[in-house]
Amino acid sequence: MACGCYSEMAGCGLAGIVNRDGKKISGKFIYDSITAMKERGNGMGAGYAAYGIYPDLAEYYAFHVMLDDLDYESEVNAVLSKSFKIVKSEMIPTKEVPSLYKKTKPPYFYRYFLEPRDDARLPMESEEDLVVRTVMTINDKVKGAYVISSGKNMGAFKGVGHPDEIGDFFEIKEYEGYIWLAHTRFPTNTPGWWGGAHPFTLLDWAIVHNGEITSYGTNKRYVEMFGYRCTLLTDTEVAAYLFDLLFRKHRLPIRAVFMAMAAPFWKDIEHYKEVGLEKIYEMVKMIRTVYAPAMLNGPFAMLFAFKDGVIGFNDRIKLRPFVAAEKGDTVYMASEESAIRVICETPDRVWMPKAGEPVIALLNHCKEEDVCYPA
Amino acid sequence: MLFKKPQVAFYPFMVLRDDYKCVRCKSCVDQCSFDATYYDEDLNMIMNHHENCVNCKRCEAFCPTDAIKVVKNPSTFHPDANWTPEAIRDIHVQMLTGAVILTSTGNDKPIKNYFDHLLLDACQVTNPPIDPLREPMELKTFIGRKTDQLQFDSDGVSIKTTIGKQLELEIPVLFSAMSYGSINLNLQKAMAIACREFGTYWNTGEGGLHKSLREFKDHTIVQVASGRFGVDLEYLETSAAIEIKIGQGAKPGIGGHLPGEKVNEGIAETRMIPVGSDAISPAPHHDIYSIEDLRQLIYALKEATNYEKPVFVKIAAVHNVAAIACGIAHAGADAIAIDGVRGGTGATPKSLRDHVGIPIEMAIAAVDDRLRKEGLRNEVSLIAAGGFRSAVDVLKAIALGADAVYIGTVAKLAAGCTQCQQCHTGRCAWGITTNNPKLAKRLNPDIVAENLYNLLRAWAHDIKELLGAMGINAIESIKGNRLRLRSWGLTEQENKILGVLPAGM
Ligand code: SF4
Ligand code: SF4
């Protein structure tokens with residue numbers, strides 16, 4: 001599919017958990033949390049992302065690949081072998097969930113643990129760029145194959161179904177991770193394609209998103225100027241590329257990234273000046289001037305995860321629900337408080353983040369925000 | 001041969017006067033600057049020279065008893081799709097004068113207006129529209145050279161990257177270049193006041209900056225055209241930005257022309273030329289015969305002003321506009337202004353006005369696409385001009401890819417203009433495009449300033465309503481967002497050039 005058609009519309013529910021100490025949390029919790037919001041979806045899409053699930057193979061890029069037919073595996077293997085040493089490959093264990101088959105025939109899932117080959121890189125290409133290029137090649141060129149995650153020590157699991165169905169299918173409760181994201185979808189049309197579910201991931205980061213980006217056309221044409229190709233035609237994809245551009249390529253400080261994507265109103269920016277915060281005023285004004293096309297408009301709540309934490313944020317006038325809570329070292333974020341209470345009855349603190357203001361939950365080892373960066 | 005000049009025999013308009021209502025006050029006689037009415041003392045009647053009437057409607061507006069109507073002359077030539085009355089009249093004029101036909105305002109031919117074939121989107125159910133009266137709705141726009149990427153210092157707050165000086169607009173609309181000479185000081189002053197009040201910019205045009213307007217420096221764009229009228233260091237410095245005028249939509253390929261009889265003392269002083277001398281701008285800048293020369297002029301102006309002023313380059317939308325615009329961006333301009341085929345003027349040969357250039361809609365789409373392809377879009381701002389009629393046109397232009405829009409005709413209309421196409425005669429009955437002191441004083445700068453301010457305010461409201469309906473609360477989120485446009489009645493090729501989908505897709 002070429003870029004240009006309408007972005008997809010959907011309502012949704014989302015949930016995220018992070019243990020800032022890096023302690024493992026069973027998949028059972030996120031499963032219960034997202035399933036508590038089952039009615040925010042319509043059974044046409046759900047998914048999970050987990051960090052810390054492959055501790056023994058943590059130094060390798062873990063590719064989760066979706067295959068419409070097992071025959072395509074050899075082609076995927078061939079593309080991967082060109083640039084990587086395949087340290088391990090196997091089918092991702094799945095369980096038969098009969099209700100899923102009423103909607104679609106589930107595809108097959110493979111995972112590969114990969115070590116980049118030195119001779120595979122193009123001039124000026126970083127290791128991450130090589131991974132991105134390989135992902136794009138498989139998605140673009142290998143028919144019936146689609147990479148759903150490609151980071152180290154993390155993975156995405158998603159498909160067409162309710163969150164409990166998809167969770168059971170992938171046996172989510174068997175995994176343990178220190179960061180979890182989950183999503184349930186209410187698409188207005190019926191895509192029936194497993195790759196269209198959230199989370200959307202690239203390298204070590206993942207996002208889940210509830211909303212519709214009214215600035216999609218602006219954002220899409222902006223990232224295209226930097227060489228990204230929007231193939232999925234979803235708002236989420238364009239948000240993901242914006243993160244990649246601002247975080248990884250431009251290496252903006254974390255707060256600057258969110259000031260670009262959910263920019264403060266001019267009246268609030270002026271306020272910085274009025275109260276004497278001249279430097280902050282200059283900074284925010286500059287971000288908004290230069291990164292104007294990166295601003296996401298329209299209703300959304302979004303969770304962005306990478307190996308060092310989770311950041312949740314909302315559109316500038318908070319048109320989609322978003323709640324956060326913490327208990328000890330664990331931070332919870334969700335569309336609804338019920339999704340948090342169901343797995344943590346007595347949080348130390350529950351709050352409604354302000355419109356546009358990110359909730360930044362980084363691991364404790366990230367004392368300085370800027371030492372922790374998405375790959 | 002003919003007994004009368006054909007213009008006298010066959011005229012386009014008639015002044016109908018209801019003699020029963022007329023009280024012989026002679027207002028119409030007094031107001032008409034084209035000698036179309038006179039008072040006959042013997043008959044005690046107001047009479048007409050219909051052949052002189054230009055349909056400016058000044059008399060209608062001033063008649064206390066509503067006795068006058070200016071109407072199309074019902075007696076016209078034989079209906080003929082080829083030999084229209086206009087075509088025949090043009091022959092009549094040229095056979096007598098042996099000259100090009102001068103005219104003014106913008107192209108009045110029915111060239112397809114693509115804005116009228118574009119429809120905007122709105123939100124329903126899946127995302128909420130935003131109520132601009134209850135929620136913030138931001139139109140602030142920056143014009144100037146930006147960059148692709150910001151670099152931060154290790155403190156995470158200080159930014160190492162510097163960008164060019166920006167013009168800060170509270171509405172993505174600026175007043176187009178209209179020189180002192182082509183219009184009078186009163187309208188320039190009115191625009192300057194409105195800009196200062198509202199937070200946008202007006203443009204001196206190529207006639208220099210009269211000393212009485214220097215106080216509006218921070219809202220003034222000073223133009224440097226091929227005639228270099230009124231250009232000195234002080235002029236360049238008394239500005240928010242400098243615009244190099246290469247071309248103009250109403251007369252691509254030729255320079256400005258102010259006849260000597262219009263050059264009074266004020267104009268002479270401001271343009272730095274002798275009173276009564278013709279002020280004729282050469283067609284090209286004689287120091288710009290190629291793109292590298294343009295680069296030198298851009299940097300000469302930047303050097304002269306210490307790199308404190310953004311430098312714009314204005315061109316007419318000609319066939320190869322996308323490539324030219326890219327060259328201008330490469331040459332170092334901070335903004336490119338493009339004037340489409342419907343762009344207006346105070347004086348131009350009719351053949352150029354009506355037949356040279358391309359529609360601004362196509363030009364915006366092509367230029368925006370090309371600048372993106374070349375990775376230059378963040379380096380330069382794009383201002384569209386030429387025939388913008390409403391806030392909706394402005395918004396559609398921005399959705400196609402412009403950063404802001406220049407309006408000229410709209411400012412004249414707000415000052416009372418009735419589009420009679422006589423600006424080049426210097427006899428504007430509404431006191432706009434004339435420097436005849438008796439006529440010019442008909443324009444009260446303070447009242448017109450208020451009208452212009454109201455107009456900007458109304459357009460800002462309109463844009464906000466439209467944005468709100470689309471679920472967008474900042475103008476930058478519609479910029480180049482062609483997915484929020486749909487077309488109707490256009491060919492596949494037209495859709496492709498505009499980068500829009502047809503309605504229903
Ligand atoms: S302005 Fe009206 S009332 Fe006065 S002279 Fe003219 S037509 Fe008669
Ligand atoms: S400015 Fe005056 S002369 Fe020109 S079109 Fe308007 S009314 Fe006629």
Side-chain angles (χ1 to χ4, degrees), chain A residues 4-7 9-11 186 188 211-222 224-227 245-246 249-256 260 263 265-269 279-280 282-283 285-300 315-317 319-320 368-370, chain B residues 121 123 125-130 135-142 144 146-159 161-163 166 168 170 368-369 371-378 399 401 403 467 470-485 499 501 505:
Chain A
C5 295
Y6 210 84
S7 64
M9 297 181 216
F186 197 134
T188 40
E212 185 174 328
I213 296 171
T214 53
S215 55
Y216 177 73
T218 301
N219 308 133
K220 173 173 116 28
R221 296 182 78 212
Y222 178 65
E224 280 172 357
M225 267 198 291
F226 294 95
L245 178 70
L246 270 49
K249 293 233 176 99
H250 290 184
R251 292 200 78 77
L252 297 188
I254 288 180
R255 279 176 196 281
F265 285 102
W266 285 113
K267 65 176 170 48
D268 299 327
I269 297 175
K279 221 170 158 185
I280 303 217
E282 291 297 338
M283 172 188 74
K285 187 173 175 186
M286 187 77 135
I287 291 172
R288 226 188 130 171
T289 308
V290 170
Y291 286 103
M295 190 210 295
L296 296 174
N297 223 305
F300 69 84
D315 65 83
R316 312 198 300 157
I317 51 176
L319 294 171
R320 288 287 151 95
E368 304 267 329
E369 269 172 23
D370 53 324
Chain B
D121 193 19
C123 295
V125 185
T126 54
N127 55 3
I130 303 168
E135 308 277 354
M137 192 57 74
E138 304 184 311
L139 303 187
K140 197 188 277 294
T141 298
F142 291 95
K146 298 174 187 74
T147 181
D148 275 346
Q149 174 178 2
L150 288 181
Q151 283 194 317
F152 278 74
D153 251 341
S154 53
D155 66 358
V157 180
S158 320
I159 294 172
T161 319
T162 52
I163 60 169
Q166 306 286 314
E168 195 172 328
E170 297 306 323
D368 180 58
D369 279 348
L371 289 173
R372 283 168 188 271
K373 217 170 266 160
E374 308 250 330
L376 291 166
R377 190 64 187 89
N378 298 333
D403 288 287
L467 285 179
M470 285 191 274
I472 285 175
N473 57 14
I475 191 84
E476 53 256 52
S477 296
I478 192 66
K479 200 167 291 172
N481 194 346
R482 300 181 191 171
L483 286 174
R484 305 308 294 276
L485 293 171
L501 293 169
M505 269 181 85

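The analysis underlying the following values was restricted to heavy atoms, covering all of them including side chains, and did not include hydrogens, waters or symmetry mates. We name chains A, B, ... by the order of the sequence lines, and we start the count at 1 in each one.
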Quick check on [X] against chain A: is it the side chain, the backbone, both or neither that has a heavy atom closer than 4.5 Å?
{"X": "B:Glu374", "result": "neither"}
{"X": "B:Glu135", "result": "side chain"}
{"X": "B:Asp153", "result": "neither"}
{"X": "B:Ile475", "result": "neither"}
{"X": "B:Ile159", "result": "side chain"}

Using a cut-off of under 4.5 Å on heavy-atom pairs, state which of [options] scores highest against chain A.
{"options": "B:Thr141, B:Asp368, B:Thr161", "value": "B:Asp368"}
{"options": "B:Val157, B:Val125, B:Asn473", "value": "B:Asn473"}
{"options": "B:Pro128, B:Gly499, B:Gly401, B:Gly156", "value": "B:Pro128"}

Roughly how far, to the nearest 0.5 Å, is the [atom2] atom of [Y] from the [atom1] atom of [X]?
{"X": "A:Ser215", "Y": "B:Arg484", "atom1": "OG", "atom2": "CZ", "value": "9.0 Å"}
{"X": "B:Asp148", "Y": "A:Tyr291", "atom1": "CG", "atom2": "OH", "value": "8.0 Å"}
{"X": "B:Met137", "Y": "A:Ile317", "atom1": "CE", "atom2": "CD1", "value": "7.0 Å"}
{"X": "B:Gln151", "Y": "A:His250", "atom1": "CD", "atom2": "NE2", "value": "9.5 Å"}
{"X": "A:Ile213", "Y": "B:Asn481", "atom1": "CD1", "atom2": "CG", "value": "11.0 Å"}
{"X": "B:Phe152", "Y": "A:Met286", "atom1": "CZ", "atom2": "CE", "value": "9.0 Å"}

Residue pair A:Arg288, B:Glu476: steps toward the side-chain contact (heavy atoms from CB on, under 4.5 Å) verdict: CA-CA 10 Å; A:Arg288 226 188 130 171; B:Glu476 53 256 52; 2.9 Å; yes
Worked verdict on B:Ile130 versus A:Arg316 for side-chain contact (heavy atoms from CB on, under 4.5 Å): CA-CA 12 Å; B:Ile130 303 168; A:Arg316 312 198 300 157; over 6 Å; no
With B:Asn127 via side-chain contact (heavy atoms from CB on, under 4.5 Å) - residues at least two apart: A:Glu212, A:Thr214, A:Pro299, B:Cys123
Under 4.5 Å from any heavy atom of chain B - which part of A:Tyr222: both
Part of A:Leu245 within contact of chain B (heavy atom distance under 4.5 Å): neither
Minimum-distance pair of heavy atoms, taken over all atoms of A:Asn297 and B:Ser477: ND2-OG, 2.9 Å
Distance-minimising heavy-atom pair for A:Val290 and B:Thr147: CG1-O, 3.5 Å
Most chain B-contacting option - heavy-atom pairs closer than 4.5 Å, from A:Met283, A:Met295, A:Met225, A:Arg221: A:Arg221
Given side chains that start at C-beta, do those of [X] and [Y] come closer than 4.5 Å, heavy atoms only?
{"X": "A:Ile269", "Y": "B:Lys140", "answer": "no"}
{"X": "B:Glu168", "Y": "A:Lys285", "answer": "yes"}
{"X": "B:Glu170", "Y": "A:Trp266", "answer": "no"}

